[in-house]
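For reference, the structure is listed below as structure tokens.
Note that the structure is predicted; figures quoted are calculated from it, not measured. Residue numbering restarts at 1 for every chain, and letters A, B, ... go by the order of the sequence lines.
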Number of protein chains: 2
Amino acid sequence: MRSAARLLRTQGYEATGMKEIARHSGATLGSIYHFFPGGKQELGAEAIRHSDSEFAAALAATLERHPDPGQAIIACTRLLAAELAESGWVCGCPVSAAALESVGRTPGIEGAAARAFEQWRELVYRKLRHGGLSERNARELAVTVLNTTNGALLACQLARSQTPLLTAGKHLARLVSSYQPKEKP
Amino acid sequence: MRSAARLLRTQGYEATGMKEIARHSGATLGSIYHFFPGGKQELGAEAIRHSDSEFAAALAATLERHPDPGQAIIACTRLLAAELAESGWVCGCPVSAAALESVGRTPGIEGAAARAFEQWRELVYRKLRHGGLSERNARELAVTVLNTTNGALLACQLARSQTPLLTAGKHLARLVSSYQPKEKP
DNA sequence: GTCTATAACGAGATAGAC
DNA sequence: GTCTATCTCGTTATAGAC
């Protein structure tokens, strides 16, 4: 399943075959279908849930490392940019590729992806709340923080450059701080 | 080719078959291969270039309609949100799905997608420059404006809601105006 | 539970009559 | 230039020996 998650992340859902997952993981095809009787869609959804939890843990850890929300967001974008570059620009968002293909086509995959984004948004939301933002501002900003980061991730992949993500961090920190109550007026 | 562009937009590259394009367009398979001897990848790249030009024209028109860059960006997000909802949440970014699948796998598709984003970024950049931003700020913000919009598009598709895009417009306008020289200090 | 073999089908691509 | 028929290969999924 870790293999499936990895392949889904780099190739998307449609381009990843069951045989490819079997080869990459060392499991046999029969064994995979034994544990995932729902076939490719069930395995895909499970793999996305796995990526979801994994990324959520990393996100929570990085957010906790910096008290200020803006600085925490910058740290996240730096981490993502570094990992992306290290992977040869193939390890982008763990669920975006599968999500985009699945909209209106593969409900199981789409649902799992939607829930992943919701969970990550909740983490950012809480961080923003602790930073002193109002309930409404925090809720709205959490959405934009994720969307901007996600879009920047794709831009980095296409440009083979860390710049879009780092720029996103800078802009998001500025945007968040513009909503924060000032300490010294 | 318009059919190919449409299918690539809603399903991505890998999930779209040549036979499906033939059926959807009314052309026969032999005819398609006659005009696109490079096969699926050539047709796909051409379709992305088509979507690129089409979207660039719409973007330029909407940007020109409002003198203030922030208001222009809000108008763009509104337009995108309306079109997306009207399409039943399937007509997202014309190239993102194919772009994500193609990174490091299908150079022809990846290149066409990268050039599309570059062209759109140039349009936003010029608008920001006319709005009085410095060369550097305009360049950096143009990237983030596109990335945020793009990320919000996917969020709207998954949530079946226009809110993420409208929120993105609000935040981007605020961010841009924070970089604009003030008229009345 | 694990593996091999294969069924049933669709993919991209091509040949050749018209 | 257009169409039909087909080739070859890979896909998801299953059957059944072990």
Side-chain angles (χ1 to χ4, degrees), chain A residues 1-51 90 95 97-113, chain B residues 1-51 90 95 97-113:
Chain A
M1 208 192 60
R2 267 192 294 268
S3 289
R6 171 88 181 199
L7 292 169
L8 251 63
R9 179 178 196 165
T10 57
Q11 306 181 340
Y13 179 74
E14 300 288 346
T16 303
M18 294 294 272
K19 287 186 180 173
E20 193 179 2
I21 296 171
R23 228 184 307 125
H24 186 273
S25 66
T28 60
L29 206 52
S31 183
I32 292 179
Y33 276 97
H34 175 75
F35 287 103
F36 300 93
K40 186 182 180 182
Q41 194 164 156
E42 181 182 348
L43 173 55
E46 213 80 44
I48 287 179
R49 275 190 282 274
H50 175 78
S51 294
V90 298
V95 312
L100 267 166
E101 294 170 316
S102 69
V103 174
R105 286 187 93 241
T106 329
I109 305 296
E110 188 182 355
Chain B
M1 208 193 58
R2 266 193 295 269
S3 289
R6 171 87 183 199
L7 292 169
L8 249 62
R9 178 178 196 164
T10 58
Q11 305 182 340
Y13 179 75
E14 300 289 346
T16 302
M18 293 294 274
K19 289 184 181 172
E20 194 180 2
I21 295 171
R23 228 184 306 123
H24 187 274
S25 66
T28 61
L29 206 50
S31 183
I32 292 179
Y33 275 96
H34 176 75
F35 287 105
F36 300 94
K40 187 182 181 184
Q41 195 165 153
E42 180 182 348
L43 173 55
E46 212 81 44
I48 287 180
R49 275 189 282 274
H50 175 77
S51 294
V90 297
V95 313
L100 268 166
E101 293 170 317
S102 69
V103 174
R105 287 186 93 243
T106 329
I109 304 297
E110 188 183 356

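Between the P atom of C:dG1 and the CZ atom of A:Phe36 lies a distance of 14 Å, rounded to the nearest Å. Remark: P of C:dT14 and NE2 of B:His34 are 14 Å apart, rounded to the nearest angstrom. Going from atom CD1 of B:Ile32 over to atom P of C:dT14 covers 14 Å, rounded to whole Å. Note: CD (B:Gln11) to C1' (C:dG10) measures 14 Å, nearest angstrom.
Listed by chain and residue number, B:Tyr13, B:Thr106, B:Pro107, B:Ile109 satisfy the side-chain contact (heavy atoms from CB on, under 4.5 Å) test with B:Gln41 (two or more places apart in sequence, or in another chain). Taking A:Ser31 as the reference, A:Thr28, A:Phe35 meet the side-chain contact (heavy atoms from CB on, under 4.5 Å) condition, with sequence neighbours excluded. Applying the salt bridge (charged side-chain N to carboxylate O under 4.0 Å, His left out) rule to A:Arg6 yields no partners; only residues at least two apart in sequence or on another chain are considered. Residues meeting the side-chain contact (heavy atoms from CB on, under 4.5 Å) test with B:Arg105, sequence neighbours left out: A:Gln11, A:Ala15, B:Glu14. For B:Phe36, the side-chain contact (heavy atoms from CB on, under 4.5 Å) partners at least two apart in sequence or on another chain are B:Met1, B:Ile32, B:Glu42, B:Leu43, B:Glu46.
The two residues B:Ser3 and B:Ile21 come nearest to each other via the heavy atoms CB-O, 4.4 Å.
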Sub-3.5 Å pairs of nitrogen or oxygen atoms, protein against nucleotides 10-17 of chain D:
residue : atom : partner : partner atom : Å
D:dT12  : OP1  : A:Thr16 : O            : 3.4
D:dT12  : OP1  : A:Met18 : N            : 3.4
D:dT12  : OP1  : A:Lys40 : NZ           : 3.1
D:dT12  : OP2  : A:Met18 : N            : 2.7
D:dA13  : OP2  : A:Tyr33 : OH           : 3.1
D:dA13  : OP2  : A:Lys40 : N            : 2.9

